[in-house]
J.: 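If you scroll down you'll find the structure; I have some questions about it.
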Amino acid sequence: MFEMRSFVISAPVTPDASALLRWYDTHRRVLPWRSLPGQRPDPYAVWLSEIMLQQTTVRAVISYYERFLSHYPTVQDLAAAPLEDVLHLWAGLGYYARARNLHACARRVTEMGGFPQTLAELLTLPGIGAYTARAIAAIAFGVPVVPVDGNVERVTARLYSIEDPLPASRPLLAKHAARLNTDQEAQDRPSDFAQALFDLGATICTPRNPSCLTCPWQKKCMGLKNGVAANLPLKTPKQAKPVRYGVHFLLHDHNQNILLRTRPPKGLLGGMDEIPGTEWRSERWSPAEALAAAPALVNWVARGEIKHVFTHFTLYLMVYEATLPANHNAGIDPSFGAFRTTKRAALPGVMQKCLSLAAPETDAETP
DNA sequence: GATACGTGGCA
DNA sequence: TTGCCAAGTAT
């Protein structure tokens with residue numbers, strides 16, 4: 001599009017990279033996937049952490065990261081694993097397409113003999129987009145690029161006092177962010193500069209109540225000068241989430257197994273396991289309607305309802321529980337799944353909530 | 001460009 | 001309790 005205002009937006013003053021890097025040298029966070037100063041980063045560790053950190057907090061990621069690294073110390077180990085196992089380890093972390101792409105990416109990288117080091121090649125890999133490609137290039141390979149994540153968008157919006165709302169302002173923010181590293185100090189330390197921006201966003205330039213008084217960039221921050229820093233970036237209001245309802249059935253056999261089925265490989269919770277249930281629709285299910293959809297004609301006991309909030313809708317699930325009589329093992333349609341142990345199942349958070357409503361274990365589940 | 005895609009913590 | 005937010009990507 002024609003940049004009608006380009007002559008008005010004079011080249012903004014670049015902030016002082018050396019001030020940020022000096023702050024980082026003192027205040028950098030210690031994180032399991034971060035190499036220590038002077039150490040060569042492991043591209044596998046950088047990649048694995050970046051995928052996990054997409055739209056996910058550091059706190060939530062840490063234990064998953066440690067578990068993945070101990071199960072799969074190298075990208076070759078991950079590539080050799082069955083997808084099932086990877087989904088099992090990922091269960092609870094959310095955005096399961098990331099786990100499927102992670103596995104596919106590990107196989108591609110293994111075929112290639114290692115991680116590519118250029119932006120263009122990284123961008124061709126599954127699960128790696130504009131942000132992650134730059135993060136890996138900068139952090140693992142020292143390429144002088146600026147990864148633009150939510151932190152960097154926020155820092156940039158405040159620094160240049162950009163009041164256009166997200167997500168429409170994303171290209172503009174990216175354009176400004178790309179010039180943040182023009183100083184020689186930033187060019188010399190691409191990995192530190194990228195991570196310094198993340199740490200600044202996570203600990204100083206926070207979404208709420210930013211600590212502008214201790215910010216290494218406070219003197220250059222136009223948002224602070226204009227008194228609007230804490231309110232930026234602006235965001236266009238989100239649409240209200242629709243509500244959906246479903247009913248799910250927790251059916252035990254007599255071998256510590258429950259009836260489980262695997263969801264279709266793509267889409268919502270793709271490839272993950274669930275206890276069988278009804279469709280998720282906008283109307284509640286009557287008890288009669290629900291029991292007509294049950295996998296077996298047994299004595300179902302209502303255990304309650306869970307609430308689960310997805311990105312784009314809120315879900316209420318009624319949970320019924322029963323134990324199959326000893327002589328009733330046949331006659332369950334395979335479309336409801338098969339009896340398996342939860343120990344090796346890939347149960348997403350919403351299903352873990354359903355299972356949490358189960359009656360306490362009793363050694364004698366008397367039918 | 002808009003929408004689908006999870007989850008848990010926090011004000 | 002409700003809404004916002006977190007190192008985004010794929011289609």
Side-chain angles (χ1 to χ4, degrees), chain A residues 1 29 31-34 45-65 87 90-102 104-105 122-140 146-155 166-171 173-174 177 191 194-203 205-210 231 233-244 263-272 274 306-315 346-353:
Chain A
M1 188 172 66
R29 290 176 293 173
L31 298 168
W33 45 85
R34 259 185 197 175
V46 172
W47 163 72
L48 178 60
S49 66
E50 287 302 337
I51 301 299
M52 288 185 164
L53 286 162
Q54 289 167 3
Q55 295 288 281
T56 308
T57 57
V58 165
R59 173 205 291 273
V61 163
I62 288 178
S63 65
Y64 282 85
Y65 174 82
L87 291 177
W90 196 278
L93 195 55
Y95 284 139
Y96 299 100
R98 291 184 297 171
R100 304 193 298 269
N101 285 330
L102 183 85
C105 186
L122 286 165
L123 278 167
T124 67
L125 294 171
I128 297 183
Y131 161 76
T132 305
R134 283 169 178 75
I136 296 171
I139 298 171
V146 179
V148 185
D149 70 336
N151 287 308
V152 179
E153 283 180 347
R154 185 171 58 256
V155 168
L166 283 168
S169 60
R170 192 148 286 146
L173 291 172
S191 170
Q195 294 178 88
L197 284 172
F198 301 158
D199 284 11
L200 186 72
T203 65
C205 197
T206 49
R208 289 173 300 231
N209 307 316
N231 302 321
L234 302 182
K235 303 198 174 180
T236 50
K238 289 167 186 165
Q239 280 213 286
K241 292 181 204 297
V243 178
R244 293 187 194 167
R263 295 174 60 90
K266 291 185 179 178
L268 184 64
L269 309 177
M272 303 297 286
E274 65 179 2
I306 63 103
K307 177 187 183 183
H308 193 79
V309 182
F310 288 99
T311 312
H312 49 303
F313 65 96
T314 299
L315 179 65
L347 293 169
V350 62
M351 285 299 137
Q352 294 177 28
K353 275 187 199 172

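Values reported hereafter were calculated over all heavy atoms of this structure, with side chains retained and with hydrogens, waters and symmetry mates removed. Chain A is the first sequence line, chain B the second, and so forth, proteins listed ahead of strands; every chain is numbered from 1.
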J.: For DNA chain B, whose closest nucleotide is more 5', that of A:F310 or that of A:R208?
T.: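 That would be A:F310.
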
J.: Taking OH from A:Y131 and C1' from C:dG8, how many angstroms apart are they, rounded to a whole number?
T.: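 Going from A:Y131 (OH) to C:dG8 (C1'), I get 9 Å.
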
J.: Does the side chain of A:R170 get closer than 4.0 angstrom to OP1 or OP2 of B:dG1 through an N or O atom?
T.: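 No, because none of the side-chain N or O atoms of A:R170 sits under 4.0 Å from OP1 or OP2 of B:dG1.
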
J.: Is A:P348 touching bases, backbone alone, or none of the nucleic acid, heavy atoms closer than 4.0 Å?
T.: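 A:P348: backbone/sugar contact only, no base atoms under 4.0 Å.
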
J.: Looking at A:I128 and A:C105, what are the two nearest heavy atoms and their distance?
T.: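 For A:I128 versus A:C105, the nearest heavy atoms are CD1-SG, 4.2 Å.
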
J.: Report yes or no: is there a donor-acceptor pair, N or O only, under 3.5 Å between the side chain of A:Y95 and the base of B:dG6?
T.: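 Answer yes: a donor N or O sits under 3.5 Å from an acceptor.
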
J.: Closest to the A:E50 side chain: C:dA7, C:dC5, C:dA6?
T.: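 From the listed options, C:dA7 comes nearest.
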
J.: State, without any angle test, whether A:K353 and A:H308 hold a side-chain donor-acceptor pair at a distance under 3.5 Å.
T.: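 Yes, A:H308 and A:K353 have a side-chain donor paired with an acceptor closer than 3.5 Å.
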
J.: Considering only B:dG6, C:dT2, C:dA7, which nucleotide approaches the side chain of A:K307 most closely?
T.: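 The closest nucleotide is C:dT2.
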
J.: Counting distance alone, no hydrogens or angles: does the base of B:dG6 have a donor or acceptor under 3.5 Å from a partner atom on the side chain of A:T311?
T.: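 Such a pair is found, so the answer is yes.
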
J.: Start with the C-alpha gap between A:Y65 and A:W33, add the side-chain angles, then the distance that decides, and say whether ring pair (Phe, Tyr, Trp, His ring centres under 6.0 Å) holds.
T.: CA-CA 8 Å; A:Y65 174 82; A:W33 45 85; 5.3 Å; yes

J.: Taking for each residue the nucleotide of DNA chain C with the nearest heavy atom, is it A:G129 or A:T57 whose nucleotide lies nearer the 5' end?
T.: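 With A:G129 and A:T57 compared, the 5'-side residue is A:T57.
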
J.: Considering just the side-chain nitrogens and oxygens of A:Q54, establish if one lies under 4.0 Å of OP1 or OP2 belonging to C:dG8.
T.: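 A:Q54 to C:dG8 OP1/OP2: no side-chain N or O under 4.0 Å.
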
J.: For A:L93 versus A:M52, what's the shortest heavy-atom pair and its separation?
T.: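 What the structure gives for the nearest pair is CD2-CG, 4.1 Å.
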
J.: Would a 4.5 Å heavy-atom cut-off, applied to side chains only, mark A:L122 and A:W47 as touching?
T.: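 Of all side-chain heavy-atom pairs linking A:W47 with A:L122, none is under 4.5 Å.
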
J.: Tell me which nucleotide among B:dC5, C:dA10, C:dA7 gets nearest to the side chain of A:N101.
T.: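 It is C:dA10.
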
J.: Under 4.0 Å, heavy atoms only, any strand: does A:A130 hit a base, just the sugar-phosphate, or nothing?
T.: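 If one applies the 4.0 Å heavy-atom cut-off, A:A130 turns out to touch the sugar-phosphate alone, with no base involved.
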
J.: Over all strands shown, is A:G92 touching base, sugar-phosphate only, or nothing at heavy-atom distances under 4.0 angstrom?
T.: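 Since only primed, P, OP1 and OP2 atoms lie under 4.0 Å of A:G92, the category is sugar-phosphate.
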
J.: Heavy atoms only, 4.0 Å cut-off, all strands: where does A:W33 land among base, sugar-phosphate and nothing?
T.: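 Base: the residue A:W33, judged by heavy atoms under 4.0 Å, touches a nucleobase.
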
J.: Rounding to an integer number of Å, can you tell me how far A:F313 CZ sits from B:dC5 C1'?
T.: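 Between C1' of B:dC5 and CZ of A:F313: 10 Å.
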
J.: Roughly how many Å apart are B:dT3 and C:dA7, using the P atom of each and rounding to a whole number?
T.: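 Looking at atom P only, C:dA7 and B:dT3 are 24 Å apart.
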
J.: Can you tell me the distance, in whole Å, between the CD1 atom of A:I51 and the C1' atom of C:dA6?
T.: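 Computing the A:I51:CD1 to C:dA6:C1' distance gives 15 Å.
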
J.: Can you tell whether the side chains of A:R134 and A:D149 come within less than 4.0 Å, N to carboxylate O?
T.: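 Salt bridge flag = no for A:D149 with A:R134.
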
J.: Is it the case that the side chains of A:R98 and A:Q54 hold a donor-acceptor pair, with the cut-off being a distance below 3.5 Å and no angle test?
T.: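 No.
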
J.: With a 4.0 Å cut-off on heavy atoms, is A:V152 in touch with a base, just the backbone sugar-phosphate, or nothing at all?
T.: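 It contacts nothing in the nucleic acid.
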
J.: Could you check A:K353 against A:P167 and say which one's nearest nucleotide on DNA chain B is further toward the 5' end?
T.: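 Mapping each residue to its closest nucleotide by heavy atoms, the 5'-most match is A:P167.
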
J.: May I ask you to evaluate whether A:R154 reaches the phosphate of C:dA6, defined as a side-chain N or O under 4.0 Å from OP1 or OP2?
T.: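 Yes.
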
J.: C:dA6 P sits how many Å from A:L200 CG, rounded?
T.: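 Value for this atom pair: 14 Å.
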
J.: Measure the distance from OH on A:Y96 to P on C:dT9 and round it to the nearest whole Å.
T.: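 Going from A:Y96 (OH) to C:dT9 (P), I get 19 Å.
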
J.: Using a 4.0 Å heavy-atom cut-off, does A:L93 contact any base of the nucleic acid, only the sugar-phosphate backbone, or nothing at all?
T.: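 The residue A:L93 makes base contact.
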
J.: Taking atom P in both B:dC5 and C:dC5, what distance in whole Å separates the two?
T.: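 Comparing P positions in B:dC5 and C:dC5 gives a spacing of 22 Å.
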
J.: To the nearest angstrom, how far is A:Q352 atom CD from B:dG8 atom P?
T.: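 Answer to the nearest Å: 7 Å.
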
J.: Checking all strands, does A:T132 fall into the base, sugar-phosphate, or nothing category for heavy-atom contacts under 4.0 angstrom?
T.: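 Counting heavy atoms under 4.0 Å across all strands, the contact made by A:T132 is with sugar-phosphate only.
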
J.: Find which nucleotide of DNA chain C each of A:P207 and A:L123 is nearest to by heavy atoms, and output the residue with the more 5' nucleotide.
T.: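 Going by which nucleotide is closer to the 5' end, it is A:P207.
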
J.: Take the protein atom CG of A:L269 and the nucleotide atom C1' of B:dA4, then report the distance between them rounded to whole Å.
T.: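 Going from CG in A:L269 over to C1' in B:dA4 covers 12 Å.
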
J.: Give me the distance, rounded to whole Å, that separates B:dG8 from C:dT9 when you measure between the P atoms they each carry.
T.: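 So the two P atoms sit 22 Å from each other.
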
J.: At under 4.0 Å, does any side-chain N or O of A:H312 touch on OP1 or OP2 of B:dC5?
T.: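 Checking B:dC5 against A:H312, a side-chain N or O does come within under 4.0 Å of OP1 or OP2.
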
J.: Expressed as a whole number of angstroms, how long is the span from A:I306:CD1 to B:dG8:P?
T.: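 Whole-Å distance recorded here is 11 Å.
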
J.: From the set C:dG8, B:dC5, C:dA6, return the single nucleotide nearest to any side-chain atom of A:K235.
T.: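 Out of C:dG8, B:dC5, C:dA6, the nucleotide with an atom closest to A:K235's side chain is C:dA6.
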
J.: Between B:dT7, B:dG1, C:dC5, which nucleotide gets closest to the side-chain atoms of A:P171?
T.: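 That would be B:dG1.
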
J.: With hydrogens left out and only the distance checked, is there a donor-acceptor pair under 3.5 Å joining A:T56's side chain and the base of C:dG8?
T.: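 Flag unset: no donor-acceptor pair detected.
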
J.: Which pair of non-hydrogen atoms, one from A:R263 and one from A:L269, has the smallest distance, and what is that distance?
T.: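 In terms of heavy atoms, the two residues are closest at NE-CB, 3.4 Å.
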
